[in-house]
Each structure stands twice: as structure tokens, then as C-alpha cells.
Amino acid sequence: MDITLAQQYIWRVAYRLVTEEEYTVVGSGGENIELLSRKGRELRYVQLRLANFLWGATMGYDLREGAGRMDDIRRQLRARAIEGQIVYVCYEPVTESMRDALQQEEGIHEQQVSLDLAGYDFTEGQWIIRNRKERGTEVVSPQLFDDTPYGDEEPPASHWMRSIEQVEMEREREVRSTFFYGKPRFTYVFLAIIIAIFILMELSGGSQDPRVLLLFGAKFNPLILAGEWWRFVTPMFLHIGFMHILFNGVALYSLGTLTEQIYGSVRFFLVYMISGISGVVGSFAFSENISAGASGAIFGLFGAMLYFGTQNKELFFQTLGTNILVVLGINLVIGFLSPGIIDNYAHLGGLVGGFLASALVGMPKHGPRIGIRIGALTLLVLLFWWGLRTGGL
């Protein structure tokens, strides 16, 4: 059979994998196409290969090379495991020796990399062998191969190549519009404010002096109970010592710019302020110590990223998910291991407040979602009320 028709066919199959099963082309050559799909933490790899004859030695080499390629992808994307399939699309009549060679190859099935071989008889429109491994899900839908048309009346391979490029360019534009929706204006404003106040505190006697901290508005339960309610707001702009402001400043710069770019400046401002107040309320409810710092608001930004993950699961885990979860987990563990040094109640309050505040303000381009916003507002009010009552108000 004409190899041109076979090329037309596999590129149309690739186009359908891209548009219908959310694969991405990660490599292509004269007679093969590599595609990758990521859903949450699951990685799936498909390699389409044109073949006019199948040799056992060649298939063994393809398996080893493919498994190595898959392991490199897995490491780059920091995934625990990846499964894949090499599909030989045979465009010459399949002989018994070809069928036997394909059936005898067992594939590679290791803990982190699993790779099967499959064969599709393009001349007859049927599978030689589809899947040797018993499992509940297919790496790629076999029906997709059976339903894909080809022929002189269909567009050529170059058409499907260009169509795939257009789809992937549109996906890239969508990603960029998500991560660059806003500019980090308030992040820089908050950084400037906390630096300026820190300098003033140092000039007034030192940021670690309790009298200076109280003068500038640190959280202190007796004064809040005496009516100084502004201390639910002012502590998020104060810091105790140079290392405190250094760590929080770096965290605010890195996480704040990212969050503000995703949510936009107005939403970011609301999330940051609500998170900071939530952190102070959490500290007020469970800690009698003098406390200050932007940590509650910063943990609220973690909460905002977690909410983003619930609304954009695929994009979250493809880009930020693992790193965000690891850093958040490390910080929470450090907080629990250092109860006398770190105000973990403020961190937890900010984290919960940030998640609910993000649900309240919503994601850009996601519509009103009135029910979610009412629920988030209700929970925030209840948590504030409970925290204030627990702290003695």
C-alpha cells in the first residue's frame, strides 16, 4: 500500500488523540509520532510507528529505547510512574512471522515504567494484537484507530500536522492567559509597606522589642479584648527581626507575583487581606503570645493556589501542583515541630481563609458561581465568629 496514505492515517490518528484524548505531540520523525497525556499524576505515552515488516530484534530495541524515553519524561515531570504503548501501523500485508514476532514480545512492565506493544493491520483495518497486559483502562482507545478515515479524498498528512500545531498553539495561549491574567502590582505595594514599617520599627527601638511591636500594632489578646480591633489587620505588616522579614519577603515576592498574575490585582488584594485577618483570628483563638508577620497572608496565597488546583486540576498538576504541595507540606511540618517559635495557628487560619476567600472572589473567566460564593462567605463568617468567640470576644 502507498506509504503516503499510511502517513496521512497516522497523522489523523495523532490529531484525534490530541483533540479527543488531550494528548500532546512531544516528538516526530519520518515514520513515527510520540504523544504524551497527563491527567493529574498519571502520565500516558503513545508512539505511533509505521512498519512494513516486524522483526523481533527491532521491536526489542524499540521497547528499550521507548522505555528510556518514557523514564526521561517521567523524571522531567516528576511523576511517580508512566505507562505507554508503541503501536505499529503495518501498511503492508501482515505475515504469520510478523504476527508471531509481535505476540512473543512481552513488553516492559516495571514499577515506574510500563510499556506495551500493539499492532494494527492498516491494510485490513484490524488489530493484530492490541494489549497483552490485563488492566482496566487502555492507554489509547482502540476504537479511535478503527474509526479514523483515510483515502485520496481526505486531507493529506501535512494538513493534520498543521492542525495539531494550531491546537497546541491555542492551548499555549490559554495557559499564558491563565498565568498572566494580571500584573503583580499589589504584591510590590505590600512588599514596600512591610519594608518601610520594618525600617521604622528598627529606628524606633528595634523590631524585636515587645514595646515597639505593641506600639506598631502587633497581635496581643488583652489589647484586642480591650477594644483595639485594628490589631486583627496591622500584624500582617509587622515582622520580628531581620530573618523573619527576609523569609516572608522572599515568600511574598515569589508566591505573591504568581498568585496575583493568576487572580488579577483586585482579587489578589481581597484574598491577601482576608487571609491575613484569618491568620490573626486563628492566632487570637489559640495563642496568647504577642505575634506579628505576613505568614498568615502568605499561607492564604497557598490556599488560593489550592483553590486554583480544584478549578484547573489538569493545568495545576502539569505546572505547579507538585511544587506547591511539597513546599506547603514542608512549611506546615516545620510549624508543627516549632510550636514555641512559629505561630502555626496563624498559618492554618490563613491557609483556610485564603482558600475560602479565593472561592468567594472566584477565578477569572469562570463565571459567577453564586452557590460557591455564598457557601464560601457563609463559612468565612462562621469561622471568624467561632475564632472570635474562642478568643474571648
Side-chain angles (χ1 to χ4, degrees), residues 10-11 13-29 32-49 59-89 105-120 129-145 161 164-165 167-176 178-179 305-306 308-329:
I10 66 166
W11 275 103
V13 168
Y15 174 77
R16 292 189 63 189
L17 286 170
V18 169
T19 56
E20 297 175 24
E21 300 192 8
E22 298 183 354
Y23 277 82
T24 298
V25 174
V26 293
S28 63
N32 67 85
I33 307 170
E34 294 178 285
L35 302 104
L36 183 71
S37 171
R38 181 169 187 171
K39 294 184 178 180
R41 295 185 178 181
E42 294 182 7
L43 287 179
R44 293 184 176 180
Y45 171 89
V46 174
Q47 187 178 141
L48 306 176
R49 298 186 72 91
M59 288 189 290
Y61 174 80
D62 290 343
L63 271 172
R64 292 189 297 273
E65 184 182 51
R69 169 77 165 142
M70 289 167 63
D71 197 43
D72 288 341
I73 292 172
R74 181 190 66 80
R75 293 175 185 274
Q76 290 173 7
L77 298 179
R78 300 179 181 180
R80 286 197 297 263
I82 181 172
E83 61 176 341
Q85 192 173 54
I86 297 175
V87 181
Y88 292 101
V89 178
E105 186 57 68
E106 296 182 354
I108 294 174
H109 303 295
E110 299 176 353
Q111 184 175 5
Q112 295 176 319
V113 176
S114 177
L115 179 61
D116 277 328
L117 293 182
Y120 188 76
I129 181 172
R130 194 176 81 199
N131 196 357
R132 294 185 61 89
K133 183 182 176 186
E134 293 183 2
R135 59 188 173 205
T137 59
E138 298 274 5
V139 174
V140 58
S141 170
Q143 192 67 33
L144 184 145
F145 285 81
M161 292 181 194
I164 290 172
E165 288 179 1
V167 170
E168 295 190 340
M169 287 175 61
E170 181 59 34
R171 287 179 179 173
E172 184 178 349
R173 282 194 292 269
E174 183 180 349
V175 170
R176 289 187 62 84
T178 298
F179 286 103
M305 297 308 301
L306 293 180
F308 166 68
T310 66
Q311 304 303 301
N312 300 270
K313 292 181 181 178
E314 300 301 324
L315 187 57
F316 178 72
F317 282 105
Q318 288 173 11
T319 54
L320 308 168
T322 301
N323 291 335
I324 291 292
L325 293 174
V326 168
V327 173
L328 175 59

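Keep in mind the model is a prediction, meaning the values are calculated, not measured. One-based numbering along the sequence shown.
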Pairing residues for [X] by the ring pair (Phe, Tyr, Trp, His ring centres under 6.0 Å) criterion, not counting sequence neighbours:
| X | result |
| --- | --- |
| Y61 | none |
| Y15 | W160 |
| Y45 | none |

Rounded distance [0.5 Å steps], [atom1] in [X] versus [atom2] in [Y]:
| X | Y | atom1 | atom2 | answer |
| --- | --- | --- | --- | --- |
| L328 | N323 | CG | CG | 12.5 Å |
| I33 | R49 | CD1 | CZ | 11.0 Å |
| L43 | Q76 | CG | CD | 11.0 Å |
| E65 | I86 | CD | CD1 | 8.5 Å |

Test side-chain contact (heavy atoms from CB on, under 4.5 Å) applied to T310 and L306, step by step: CA-CA 7 Å; T310 66; L306 293 180; 5.8 Å; no
For [X], enumerate each residue passing the side-chain hydrogen bond (donor to acceptor under 3.5 Å, both in side chains) test, keeping only those at least two apart in sequence or located in another chain.
| X | answer |
| --- | --- |
| Q143 | D147 |
| E22 | none |
| D62 | Y88 |

Results of side-chain contact (heavy atoms from CB on, under 4.5 Å) for [X] - residues two or more places apart only:
| X | answer |
| --- | --- |
| E20 | R16, L144 |
| E165 | none |
| E168 | V18, T24, V25, I164 |
| I108 | L63, A67, E110 |

Decide side-chain contact (heavy atoms from CB on, under 4.5 Å) for K313 and F316; before the verdict, give the C-alpha distance in whole Å, the side-chain angles of both, and the deciding distance to 0.1 Å. CA-CA 5 Å; K313 292 181 181 178; F316 178 72; 5.7 Å; no
Got a sec, which residues hit salt bridge (Lys or Arg N to Asp or Glu O under 4.0 Å) with R75, two or more places apart in sequence or on another chain? D71
Partners passing salt bridge (Lys or Arg N to Asp or Glu O under 4.0 Å) against R173 (at least two apart in sequence or in another chain): E170
Atom of S114, atom of H109 and distance for their closest heavy-atom approach: OG-ND1, 3.0 Å
Heavy-atom closest contact (Q85 atom, L115 atom, distance): N-CD1, 3.5 Å
Return the orientation label for the Y120 and F145 ring planes: parallel under 30°, perpendicular over 60°, tilted otherwise. tilted
Please determine which of R80, R69, Q112 meets the side-chain contact (heavy atoms from CB on, under 4.5 Å) test together with R74. Q112
Should I10 and V87 be marked as a side-chain contact (heavy atoms from CB on, under 4.5 Å) after you check the CA-CA gap, both sets of side-chain angles, and the distance that decides it? CA-CA 10 Å; I10 66 166; V87 181; over 6 Å; no
Tell me, with the steps shown, if I82 and L36 meet side-chain contact (heavy atoms from CB on, under 4.5 Å). CA-CA 10 Å; I82 181 172; L36 183 71; 4.1 Å; yes
Less than 4.5 Å apart, side chain to side chain, heavy atoms only: is that true for S37 and E21? no
